[in-house]
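Scroll down for the structure; my scribbles are underneath it.
Labels below follow one simple rule: chain letters A, B, ... track the order of the sequence lines, proteins then strands, and each chain is numbered from 1.
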There are 2 protein chains.
Amino acid sequence: MTGVWLRPQRPSRSGPPLSRDRIVAAAVELLDREGVGGLTMRRLAEHLDAGSTTLYWHVATKDDVVDLALDHIFGEVRLPDGRDTDAGRDGDAGRDSDAGRDGYAESDRDWRVDVEGLLLGWRAAMLRHPWSAALLGRPMLGPNVLTRTEFLQAALRRSGLVEPDLGAATYALANYVIGSAVTLAPWQRPDSPEPPREAAREHLAAQRDRYPTLVDTGHLDDRDWEATFRQGLTYLLDGLAVRTRD
Amino acid sequence: MTGVWLRPQRPSRSGPPLSRDRIVAAAVELLDREGVGGLTMRRLAEHLDAGSTTLYWHVATKDDVVDLALDHIFGEVRLPDGRDTDAGRDGDAGRDSDAGRDGYAESDRDWRVDVEGLLLGWRAAMLRHPWSAALLGRPMLGPNVLTRTEFLQAALRRSGLVEPDLGAATYALANYVIGSAVTLAPWQRPDSPEPPREAAREHLAAQRDRYPTLVDTGHLDDRDWEATFRQGLTYLLDGLAVRTRD
DNA sequence: ACCTGAACACCGTTCAAGT
DNA sequence: ACCTGAACACCGTTCAAGT
């Protein structure tokens, strides 16, 4: 038998062998490009030159992929610390990391600056990957999320807060960023080709009698969303400072 | 031909004819009972004694059903006003409505009480229907949401806020409730039979070195979540009051 | 105007089998 | 240890057809 010559050579998998990391990276890319609807085990596999069922060797379920992809993007959030050694090899480097472990005391850092820096980065990461907002209704326990939450709470503690206010403040701030991203992200391309802000604006304007205040303030008009976010953050931190002072 | 006797009588649709309202009600019931994964056009139709494709006469797409179901549950949020004539016949009554249009001036109402009342109800409605958190990453433009947002902003205006602070405050508060629900809801039954809080708690405790502060404060322990929510709301409103005073 | 079944182009996941 | 194809039990949606 001539064997070898007739049998088609194995498709010669391009690139390195499959791995959880490569799967997650491909998933994020797919989600970025095509939104939540674009993520399919079959298409993901195709993207990786693999059989679709191969993925199940590295991952138990599609939900796992989603959880990993979500945590992955939180790895992009810089700790204002400069100390970016992400927990568990999950964060992506991609950015130059000038690990600033210079020798001044932790407690000297301005907690408010740290909180603002972290949350601004948190929000930005979510808006860079607008699909994240649609996948959020699940427990977030990945290493990247936990690391950022730890940083947040550690900063808050430096302000003098103690339990139960410390926990309340942590949740308040985290929930505020999350809510802000959930509200804003769906208006970003390309997830929803549907309602461009304009249509919604007109829909609202046509009902001035029902929503006088909203129409008055131009509730759905474009505005400086980062400034709006910052403003709300100021309210929260000011209210926190009241507690901190006594 | 004997005709009638041989042909199976039409299955005799139980109940009234199909309608958008009945579809939405059934969808909410299905979601309540089985979570996001339980909502299927086929199962929804079955639930209504209808052919699955019949739904498409009343509704353009499954996403429509989801949008309608979501807005529907916001109809459950009472306006502290007492004035519950929901916009557009969408809110469900279900609760006794003592429309209190008694003759004292709008502006006499305590805006802070109104805001707190509305947001507490808003949060409660979402937690009664935990699936709502998972479906949130889409523009919310339904009449029930808009009516509640209008009420919120109108109350805030009575505090003396003007643009752009008024809009910022509205978004800050709305985003805070939304984020709070998104964070808490996934821990509710029966959407995720998966991670009972306990497992997550142990996972965290096992990494005290990585997350010292979080472990210290018992970040994932059970706590009084409504009190925690109220506390955060207090921070926000206190911070707002600072602006209001000058 | 409203409802239907058949059919299309997909899904996620399992599993016995290959190397 | 890693990868595969075939197969199962589903999906959302379209459409010609019925009443």
Rounded to whole angstroms, how far apart are [atom1] on [X] and [atom2] on [N]?
X     : N      : atom1 : atom2 : result
A:L44 : C:dG12 : CG    : P     : 9 Å
A:R43 : C:dC10 : CZ    : P     : 9 Å
B:L39 : D:dT13 : CG    : C1'   : 15 Å
B:L48 : C:dT4  : CG    : P     : 11 Å
B:R20 : C:dC2  : CZ    : C1'   : 15 Å
A:L30 : C:dC11 : CG    : P     : 11 Å
B:Y56 : D:dC11 : OH    : P     : 12 Å
B:E46 : C:dG5  : CD    : C1'   : 16 Å

Starting from the 5' end of DNA chain D, give me the residue, A:R42 or A:L55, whose nearest nucleotide shows up first. A:L55
Tell me whether the side-chain N/O atoms of [X] come closer than 4.0 Å to OP1 or OP2 in [N].
X     : N      : result
B:T40 : D:dC11 : yes
B:T61 : D:dT13 : yes
B:T53 : D:dG12 : no
B:H58 : C:dC3  : yes

Test side-chain contact (heavy atoms from CB on, under 4.5 Å) applied to A:L118 and A:T149, A:V177, A:L79, the passing residue: A:L79
[X] has a side chain; which of [options] sits nearest to it?
X     : options               : answer
B:W57 : D:dT4, D:dC11, C:dA1  : C:dA1
B:L18 : D:dT13, C:dG12, C:dC3 : C:dC3
B:K62 : C:dA1, D:dT13, C:dG12 : D:dT13

Are A:P212 and B:E150 close enough that some pair of their side-chain heavy atoms sits under 4.5 Å apart? yes
Measuring centre to centre across the rings, with the benzene-like ring taken for any Trp, is B:H219 within less than 6.0 Å of B:Y211? no
Measuring centre to centre across the rings, with the benzene-like ring taken for any Trp, is A:F229 within less than 6.0 Å of B:Y171?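 No: the rings miss the under 6.0 Å criterion.
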Identify the nucleotide, in any strand shown, that forms a Watson-Crick or G-U wobble pair with C:dT14, with both distances under 3.5 Å; if there is none, say none.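 Looking at the geometry, C:dT14 pairs with D:dA6.
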Using Watson-Crick or G-U wobble geometry with both distances under 3.5 Å, which nucleotide pairs with D:dT19? C:dA1
Quiz question: by atom type and distance under 3.5 Å, do the side chains of B:T213 and A:Q153 form a donor-acceptor pair?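 Note: B:T213 and A:Q153 side chains miss the donor-acceptor criterion.
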